[in-house]
Amino acid sequence: MCCPSATLAVWSSAWLHGAAASDNVLDSLLPWGEAHEVVAADDATASALDLPVTGGFPAQPAQLLGTLRRLGTPDTRLVLPVPGDVRGLGGGGEFPKAALAAGEAVVLPGAGYGIVPHHIAEGLVRWTVHPLATPGPVTPQDVGLEHLGLAEAEHGLTDAIRDSAGALQALDVASERPSVRSELSARLRARPSPDWPDGMPGRALRVLQRAEEIGAILEVASTEEPGGALSASAAERRADALRPLSEAVRTARCAAVNEAVRVFADQANRP
């Protein structure tokens, strides 16, 4: 559910704060690929983090966990960038380009690094560690990661559902598809279903589940040709109507994952 970066962000936080074993973290990545490897994007990052540089023999995910430990339980954030919205990527450099191409990344603002997964072959995921353009350590605000509460994100998702439904009805571009329920079920079943660590906040799980279901609806809508629209311009208006819902789904996913990361850190800091 969600994406590889979400899995790494939550499970690594749980492990770093004593709520999960390292083997559990490594196992959590398997639904996204049978094999995972880790490299650094450049020589300076490779030297600083004791990782092989891109093009060399890659490291295993266990080495990445060791790197995170040496960084001192860094603040971890999920970002899901799309064209026109690259908040949280910290300015220029190669990291924003890689994260945008992947549509996801883990940002470690306090340490000054970002981690991007990429499916380079069937069953193989490569994680590349990039330096942020803003030299670390930086605050989340320095790289555009403003805090958004889970309640606010959940309300935003509800509002976007209502507004998008109203806009589509007004445009009269929603098509009648008798098979839509089976299509949605098939898409949800086909997605990886990684486990979450014990202690995962219930509300975060609920928001992730709801965002996942709505994300499947958006995927089905995007495959319609032309999806009940009477013209190309109507189809474009439909896409415009769905865009806020897509943004709300991304926001909800990030807020849920980042809330889980915060909860594990808070639990570890309690006396």
Side-chain angles (χ1 to χ4, degrees), residues 1-13 15 22-71 74 76-83 85-86 88-108 111-133 143 187-196 212 215-216 219 222-223 250 253-254 257:
M1 191 162 54
C2 201
C3 61
S5 294
T7 298
L8 179 63
V10 173
W11 274 97
S12 65
S13 179
W15 173 70
S22 58
D23 286 347
N24 297 137
V25 182
L26 300 178
D27 289 345
S28 74
L29 298 175
L30 294 179
W32 301 108
E34 298 173 0
H36 294 256
E37 60 185 40
V38 181
V39 296
D42 54 67
D43 290 332
T45 300
S47 177
L49 302 182
D50 192 25
L51 291 173
V53 72
T54 299
F57 192 78
Q60 297 301 303
Q63 191 167 339
L64 176 60
L65 294 185
T67 297
L68 294 177
R69 177 73 80 189
R70 288 194 300 275
L71 290 174
T76 305
R77 303 293 181 94
L78 170 69
V79 293
L80 300 172
V82 295
D85 183 2
V86 294
L89 300 184
E94 292 302 313
F95 172 59
K97 297 177 184 177
L100 188 58
E104 61 176 283
V106 177
V107 180
L108 314 173
Y113 295 100
I115 309 171
V116 181
H118 180 60
H119 291 82
I120 61 172
E122 182 68 27
L124 176 59
V125 179
R126 174 179 293 162
W127 298 83
T128 304
V129 184
H130 296 259
L132 300 182
V143 293
R187 285 180 179 273
L188 289 170
R189 287 195 305 270
R191 294 186 178 191
S193 299
D195 292 328
W196 298 107
E212 195 70 11
E219 288 182 5
S222 69
T223 62
R250 290 189 297 110
R253 284 170 168 163
C254 289
V257 167

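Nothing fancy with the numbering, it's 1 onward along the sequence.
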query: Listed by chain and number, what are the side-chain contact (heavy atoms from CB on, under 4.5 Å) partners of E94, not counting sequence neighbours?
result: K97, H130

- prompt: If you measure from CD1 on I115 to OG1 on T76, what distance do you get to the nearest 0.5 Å?
  reply: 7.5 Å

Side-chain donor/acceptor of W15 to backbone N/O of R69, under 3.5 Å: no

task: With R126 as reference, evaluate E37, H36, H118 under the side chain to side chain donor-acceptor pair (under 3.5 Å) test and give the passing residue.
output: E37

message: Could you go through L64 and L8, starting from their C-alpha distance and side-chain angles, then the distance that decides it, and tell me whether this counts as side chain to side chain contact (heavy atoms under 4.5 Å, CB included)?
response: CA-CA 11 Å; L64 176 60; L8 179 63; 4.2 Å; yes

- prompt: If you take all heavy atoms of A6 and L78, which pair is closest and at what distance?
  reply: N-CD1, 3.8 Å

query: Between L100 and P83, is any pair of side-chain heavy atoms under 4.5 Å apart?
result: yes

message: For a side chain to side chain contact (heavy atoms under 4.5 Å, CB included) check, start with the C-alpha distance between Q63 and V38, then their side-chain angles and the critical distance, and finish with the verdict.
response: CA-CA 8 Å; Q63 191 167 339; V38 181; over 6 Å; no

- prompt: Is there side-chain contact between E104 and C2, with heavy atoms separated by less than 4.5 Å?
  reply: no

message: If I compare all heavy atoms of V106 with all of S5, which pair ends up nearest, and what's the gap?
response: CG2-O, 3.4 Å

task: Work out which heavy atom in A99 is nearest to a heavy atom in L89; give both atom names and the distance.
output: CB-CD2, 3.7 Å

field: Flag side-chain contact, heavy atom, 4.5 Å: P96 against V86
entry: no

message: Does D27 form a side chain to side chain contact (heavy atoms under 4.5 Å, CB included) with D195? I'd like the steps, not just the answer.
response: CA-CA 9 Å; D27 289 345; D195 292 328; over 6 Å; no

task: Provide the closest heavy-atom pair for V116 versus F95 in the form atom of the first, atom of the second, distance.
output: CG2-CE1, 3.5 Å

query: Closest approach of G215 and R253, non-hydrogen atoms and distance?
result: CA-NH2, 4.3 Å

message: Give me the atom names and distance for the closest heavy-atom approach of P131 to Y113.
response: CA-CD2, 3.8 Å

Ignoring hydrogens and angles, write down the donor-acceptor pairs under 3.5 Å from the side chains of residues 43-61, residues two or more places apart or on other chains.
| unit_1 | atom_1 | unit_2 | atom_2 | d |
| --- | --- | --- | --- | --- |
| T45 | OG1 | D42 | OD1 | 2.9 |
| T45 | OG1 | D42 | OD2 | 3.3 |
| T54 | OG1 | A40 | O | 2.9 |

